[in-house]
Amino acid sequence: MQTAKFRKRPARALIGITMHNANSNITVVGPGAVGGTLAAFLSQDSRFQVSIGARTAFERLVIETADGMIEAKPILFTDPAQAHVADWVLVATKAYDVVATRRWLANLVGPATMVAVLQNGVEHLARFADALPTERIVPVVVDVSAERLAPGHIRQRRSGTMVVPAGSAGEQFVALFARSPIHVFATDDFATVAWTKLASNCTGVVNALVRKPAGIAAGDDIADLIRMLVRECVLVGRAEGATLDDGLPDRVVENYRRGPPDTVNSLYADFAAGRPMELDARNGVIVRLGARHNIPTPINALMVTLLEAASSIAFPLSA
Ligand SMILES: NC(=O)c1ccc[n+]([C@@H]2O[C@H](COP(=O)([O-])OP(=O)(O)OC[C@H]3O[C@@H](n4cnc5c(N)ncnc54)[C@H](OP(=O)(O)O)[C@@H]3O)[C@@H](O)[C@H]2O)c1
């Protein structure tokens with residue numbers, strides 16, 4: 001994969017942003033697989049008071065990790081009106097829940113609040129730019145491999161990593177996790193990291209459409225289709241400032257083929273379960289930004305059209 005420069009280093013004060021490292025109030029909005037895991041780890045750290053903005057209430061957080069069980073009982077709110085200004089807000093709802101998430105930010109964001117956006121895609125800042133200045137928004141590329149078994153009950157398969165942009169805000173985010181087993185890195189080239197992940201994520205639509213897990217990439221025709229999707233992503237990503245080389249489509253296919261053939265990506269899982277999907281954040285964005293740069297993206301556009309049609313109302317077959 002593309003190599004961007006990572007650094008894990010202590011936070012330092014920079015002009016214009018208040019430093020919140022000790023005794024911070026942290027509110028996690030969206031206590032699902034990602035948010036619940038992070039809230040539980042942060043709750044173990046005596047520097048923080050952790051609260052949760054949830055849609056569905058639960059008694060306590062229980063996280064099954066590879067190293068054992070973690071339990072936490074953060075303060076839980078289910079109504080945005082109950083929330084009050086936090087030092088840090090960690091947004092971990094799905095990308096399609098942005099409108100409802102913004103309602104939490106109205107009460108949670110004060111003049112010095114920092115907001116980390118832990119969502120898929122490349123539009124972290126744009127989604128919340130109307131809620132606070134972008135200097136106080138930290139986009140995060142997440143790789144924690146977790147799944148929600150029930151509200152408040154999460155299984156984390158392996159210790160995760162998160163990547164944020166270098167700079168004052170990113171470094172403060174890195175410092176939040178200094179005492180947790182999750183590795184957080186700052187990079188000088190966040191665009192490349194985010195677009196490299198999107199290059200992989202944009203292919204999940206193929207699995208959803210054919211309703212088959214990763215093993216389908218063993219076939220040459222499907223592998224070619226995956227390469228075509230990624231090639232479009234590479235061209236748009238480059239126009240957006242990412243450094244993506246011509247070998248990326250082949251590497252995405254290799255990753256598919258190297259991994260377990262029964263792997264199910266979250267788009268496919270959501271589609272199969274009849275849940276909303278992050279289709280716009282994973283493929284629609286390539287089409288939208290491609291249009292902005294006059295870059296044709298017919299394969300991504302076709303996939304979006306087909307999956308949207310497949311997930312809409314089913315019509316009975318007439319005799
Ligand atoms: N899971 C992973 O391993 C993983 C890895 C990399 C990236 N990501 C990305 O991380 C983001 C979060 O994914 P996830 O897997 O953690 O999703 P998830 O398990 O579905 O969790 C989303 C959570 O947001 C809550 N929510 C929805 N609307 C809300 C609202 N208005 N107010 C408060 N909470 C609300 C949901 O509540 P309910 O309980 O009511 O549904 C749920 O608890 C996504 O963009 C995903 O693509 C996930």
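Worth saying up front: this structure is predicted, and the values here are computed from it rather than measured. Note that ligands are numbered from 1 as they come in the structure, with each ligand's atoms numbered from 1 the same way.
Across the listed options Arg282, Arg102, Arg158, Lys94, Lys94 owns the non-hydrogen atom lying nearest to atom 13 (O) of ligand 1. Here the shortest heavy-atom distance to atom 5 (C) of ligand 1, taken over Val29, Leu118, Val142, belongs to Val142. Considering Arg148, Arg103, His124 only, the shortest heavy-atom separation from atom 42 (C) of ligand 1 involves Arg148. Taking each of Val117, Thr78, Thr93 in turn, the one with a heavy atom nearest to atom 35 (C) of ligand 1 proves to be Thr93. Here atom 2 (C) of ligand 1 lies nearest to Ala146 when heavy atoms of Ala95, Ala146, Ala150, Gly32 are compared. For atom 22 (C) of ligand 1, the nearest non-hydrogen atom from the set Gly35, Ala92, Pro80 comes from Ala92. Of the candidates Ala57, Ala100, Gly53, it is Ala100 that places a heavy atom closest to atom 31 (N) of ligand 1. Which of Pro151, Ala33, Gly30 comes nearest to atom 19 (O) of ligand 1 through a heavy atom is settled by distance: it is Ala33.
The nearest pair of heavy atoms linking Gln44 to Ala72 is NE2-CB, 4.2 Å.
The closest side-chain heavy-atom distance from Trp88 to Leu42 is not below 4.5 Å. The side-chain heavy atoms of Leu38 and Leu118, taken from C-beta on, include a pair separated by under 4.5 Å. When side chains are defined from C-beta on, Ile295 does not count as touching Glu232, because their heavy atoms never get closer than 4.5 Å.
Of all the heavy atoms of Asp97, the ones lying under 4.0 Å from any atom of ligand 1 belong exclusively to the side chain. When non-hydrogen atoms are compared, ligand 1 lies under 4.0 Å from the backbone of Ala54 (N, CA, C, O) but not from its side chain. Of the heavy atoms in Glu278, only side-chain atoms (C-beta onward) come closer than 4.0 Å to ligand 1. When non-hydrogen atoms are compared, ligand 1 lies under 4.0 Å from neither the backbone nor the side chain of Met162.
For atom 36 (C) of ligand 1, the nearest protein heavy atom (residue, atom name, distance) is Arg55 NH2, 4.0 Å. For atom 30 (C) of ligand 1, the nearest non-hydrogen atom of the protein is Trp104 NE1, 3.9 Å. For atom 16 (O) of ligand 1, the nearest protein heavy atom (residue, atom name, distance) is Val34 N, 2.8 Å.
Remark: side-chain polar atoms of Asn283 are not paired, donor with acceptor, to backbone N or O of Asn300 under 3.5 angstrom. At distances below 3.5 Å, not a single donor-acceptor pair connects side-chain atoms of Arg282 with backbone N or O atoms of Thr203.
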Checklist entry - Yes or no on side-chain contact (heavy atoms from CB on, under 4.5 Å) for Val115 and Val109, after CA distance, side-chain angles and deciding distance? => result CA-CA 8 Å; Val115 174; Val109 173; 3.9 Å; yes
Next on the checklist: Please determine whether side-chain contact (heavy atoms from CB on, under 4.5 Å) holds for the pair Ile63 and Glu71, giving the CA-CA distance in whole Å, both sets of side-chain angles, and the decisive distance to 0.1 Å.
Outcome noted: CA-CA 6 Å; Ile63 318 293; Glu71 287 197 29; over 6 Å; no
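Under the 4.5 Å side-chain heavy-atom criterion for ILVMFWY residues, a single connected hydrophobic cluster contains both Val144 and Val184.
Proximity to Pro31 (heavy-atom distance under 4.0 Å) selects the following atoms of ligand 1: 43 (O). Listed by atom number, the atoms of ligand 1 under 4.0 Å from Lys197 heavy atoms are 6 (C), 7 (C). Proximity to Thr56 (heavy-atom distance under 4.0 Å) selects the following atoms of ligand 1: 38 (P), 39 (O), 40 (O).
Side-chain atoms of Asn120 and Lys94 include no donor-acceptor pair closer than 3.5 Å.
For the pair Ser145 and ligand 1, a heavy-atom separation below 4.0 Å is found.
Looking at ligand 1, you'll find an N or O of Asn120 within less than 3.5 Å of one of its N or O atoms.
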